[in-house]
Amino acid sequence: MNALTIPKPEANSGEDAFHRRIHQNHMFGLWEIASQMTPHPQPQMLPWLWDWKTTESLVRESGTAVPVGEERRAMQLFNPGLSGAWATTNTLIAAVQVLLPGEVARSHRHTPAALRFILEGSGAYTAVEGERVMMEPGDLILTPSWTWHDHGNETNETVVWMDGLDVPLVKALNTMFFNMNPKQQPPLTEPINGSQRLYGHGRLSPTWIKGTTLHSPLLLYAWSQTLEALDALRDREASPFEGVALEYTHPVTGGPVLPTIGCQVQLIRKGEALQARRVTGTSIFCVVQGTGHSVISGKSFAWTRGDILALPSWALHEHACTGPQDAILFCMTDRPVIKALGFWREEAYADNGGHQKVSEEFQPGKG
Ligand code: 1HN
């Protein structure tokens, strides 16, 4: 038998008889694909912004254009860099969902973990495993992996929220399971906001409940408490990259709220221009209040309330508040996965006083 000839680097065109044979046999030489071992992440996803002005009008229209049937009335934000994949970043999907007065989104469960960040409307609810979790603007509500959940709006105002899920990650891992509950709304078995009563008191947790769950047992992070925490720190020196940034934590372990999705809220004070850095993993920001911009890889994204911004892995980014009021950003990220697997890296941008040169302005809807 002849020894394999080691191909020379210039023999990587894949056109000769040997390469044709390996391709026919479902093989490629590493020398043909080694350029995929990039020296640093080179994401396919694009940094992108969905402006609230556009999203809001489409979401309002969806209220009359499509019913809440078997499926939710949730507008999925597709990243234009990801070739039509169901993904806002390579690991996360964001959606904007509307529930009109009197509507119910029926009970189902799935392996992707989900969260809601409430944008508009008071008094609607998500029922999670038999517990109604009441919604107020700015609240963070969790529906962990494989928990039954339905939504209902018994108020007379429309409710709008941002959904966040780890769908692209679950799909990449081939671990998608989904089913409908035979009941539109299974019976309530827990007190309203029961998880908040048990776990919503900071460092005080019930002693009689042994062990804990991978996900946070606290399903509601109320905006009133979030705002109070940010206010208490407003006059402090904080992160040069994130401003007054607080992580929503699992009350028992101190870890992230979901094993696959971490959440943060950040206050960027009036006039504050944070410094640039890059980190591994992706994030999706939602502007809660204020106006400002984020510079991502030299492109400036101007933002205002309700805008949703997707940040790729390892992209240089910096945020600034430019309006007359403090800015607040909500952020969801795949950082828990990145950290658990040992892929976390961060790098401050040292040049130019920590600020990028802006070479382009993002145009909403165009790029
Ligand atoms: C889902 O179950 C909801 O429960 C919202 O409201 C958005 C996006 C992808 C997959 C499942 C919901 C979703 C979703």
Side-chain angles (χ1 to χ4, degrees), residues 45 50 55 58-59 62-63 65-79 82 84-121 123-135 137 139-155 158-186 188 215 219-220 257-261 263 282 284 286 308 310 330 332-334:
M45 74 165 276
W50 288 263
T55 309
L58 293 172
V59 154
S62 79
V66 286
V68 172
E70 287 294 281
E71 261 324 319
R72 273 77 168 124
R73 193 193 287 113
M75 203 74 73
Q76 313 290 306
L77 308 186
F78 270 45
N79 189 290
L82 292 175
W86 181 18
T88 310
T89 78
N90 45 286
T91 51
L92 301 172
I93 181 90
V96 180
Q97 185 167 170
V98 195
L99 205 59
L100 301 177
E103 287 185 333
V104 167
R106 62 169 304 146
S107 180
H108 70 196
R109 65 178 175 180
H110 36 71
T111 43
L115 60 88
R116 329 280 156 203
F117 187 78
I118 314 306
L119 301 174
E120 210 181 282
Y125 60 83
T126 295
V128 185
E129 293 285 324
E131 171 185 328
R132 277 193 186 180
V133 185
M134 306 306 293
M135 299 177 175
D139 287 356
L140 169 65
I141 295 176
L142 307 179
T143 59
S145 177
W146 209 238
T147 54
W148 291 113
H149 56 283
D150 58 82
H151 313 295
N153 181 1
E154 296 173 1
T155 76
T158 298
V159 60
V160 182
W161 64 79
M162 178 178 77
D163 299 296
L165 298 99
D166 53 8
V167 164
L169 178 69
V170 170
K171 289 186 61 164
L173 297 172
N174 281 348
T175 48
M176 179 69 79
F177 291 87
F178 171 87
N179 53 44
M180 285 290 189
N181 198 305
K183 296 210 169 77
Q184 161 149 283
Q185 296 195 285
L188 299 171
H215 60 81
L219 302 176
L220 170 63
V257 290
L258 294 164
T260 50
I261 313 178
C263 293
T282 72
I284 299 173
C286 178
I308 297 175
F330 170 80
M332 54 184 168
T333 170
D334 58 15

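All values reported here derive from a predicted model rather than from experimental measurement. In each ligand, atom 1 is the first atom listed, and ligand 1 is the first ligand listed.
- Residue Trp86 places no N or O, backbone or side chain, under 3.5 Å from any N or O of ligand 1.
- Side chain to side chain, Asp163 and Trp161 meet the donor-acceptor criterion of an N or O pair below 3.5 Å.
- Between Asp166 and the choices Thr111, Thr260, Thr91, the side chain to side chain donor-acceptor pair (under 3.5 Å) rule is met once, by Thr260.
- Relative ring orientation between His110 and Phe178 is described as parallel, the plane-to-plane angle staying below 30° on a 0-90° scale split at 30° and 60°.
- Close contacts between ligand 1 and His110 involve ligand atoms 1 (C), 2 (O), 11 (C) [criterion: under 4.0 Å to a heavy atom].
- Annotation: the span from Ile261 atom CD1 to Ser145 atom OG amounts to 10.0 Å, rounded to 0.5 Å.
- With respect to atom 12 (C) of ligand 1, the closest heavy atom belonging to the protein is Arg72 NE, 3.0 Å.
- Here's the thing with His108: one of its N/O atoms is less than 3.5 angstrom from an N/O atom of ligand 1.
- Residue-level proximity to ligand 1 for Phe178 is absent, since no heavy atom of it falls below 4.0 angstrom.
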Working note: Ile308 + Thr55, criterion side chain to side chain contact (heavy atoms under 4.5 Å, CB included); need CA distance, chi angles, decisive distance, verdict.
CA-CA 9 Å; Ile308 297 175; Thr55 309; 5.6 Å; no

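- Scanning the protein heavy atoms around atom 6 (O) of ligand 1, the nearest turns out to be His151 NE2, 2.6 Å.
- Atoms of ligand 1 found under 4.0 Å from any heavy atom of His149, numbered from 1 in the order shown, are 2 (O), 4 (O).
- Of the residues His108, Arg109, Arg106, Glu129, the one that meets the side chain to side chain donor-acceptor pair (under 3.5 Å) test with His149 is His108.
- Using a 4.0 angstrom heavy-atom cutoff, Ile93 does not count as in contact with ligand 1.
- With rounding to the nearest 0.5 Å, the separation of CG in Leu258 from CE in Met332 is 11.0 Å.
- Considering both main-chain and side-chain atoms, Arg116 comes within under 3.5 Å of ligand 1 through a nitrogen or oxygen pair.
- Screening Thr333, Asn90, Asp334, Asn79 for a side chain to side chain donor-acceptor pair (under 3.5 Å) involving Thr282 leaves a single residue, Asp334.
- With ligand atoms numbered from 1 in the order given, ligand 1 contributes 7 (C), 8 (C), 9 (C), 10 (C), 11 (C), 13 (C), 14 (C) to contacts under 4.0 Å with heavy atoms of Leu165.
- Residue contact check: Gln97 has heavy atoms under 4.0 Å from atoms 5 (C), 6 (O), 12 (C) of ligand 1.
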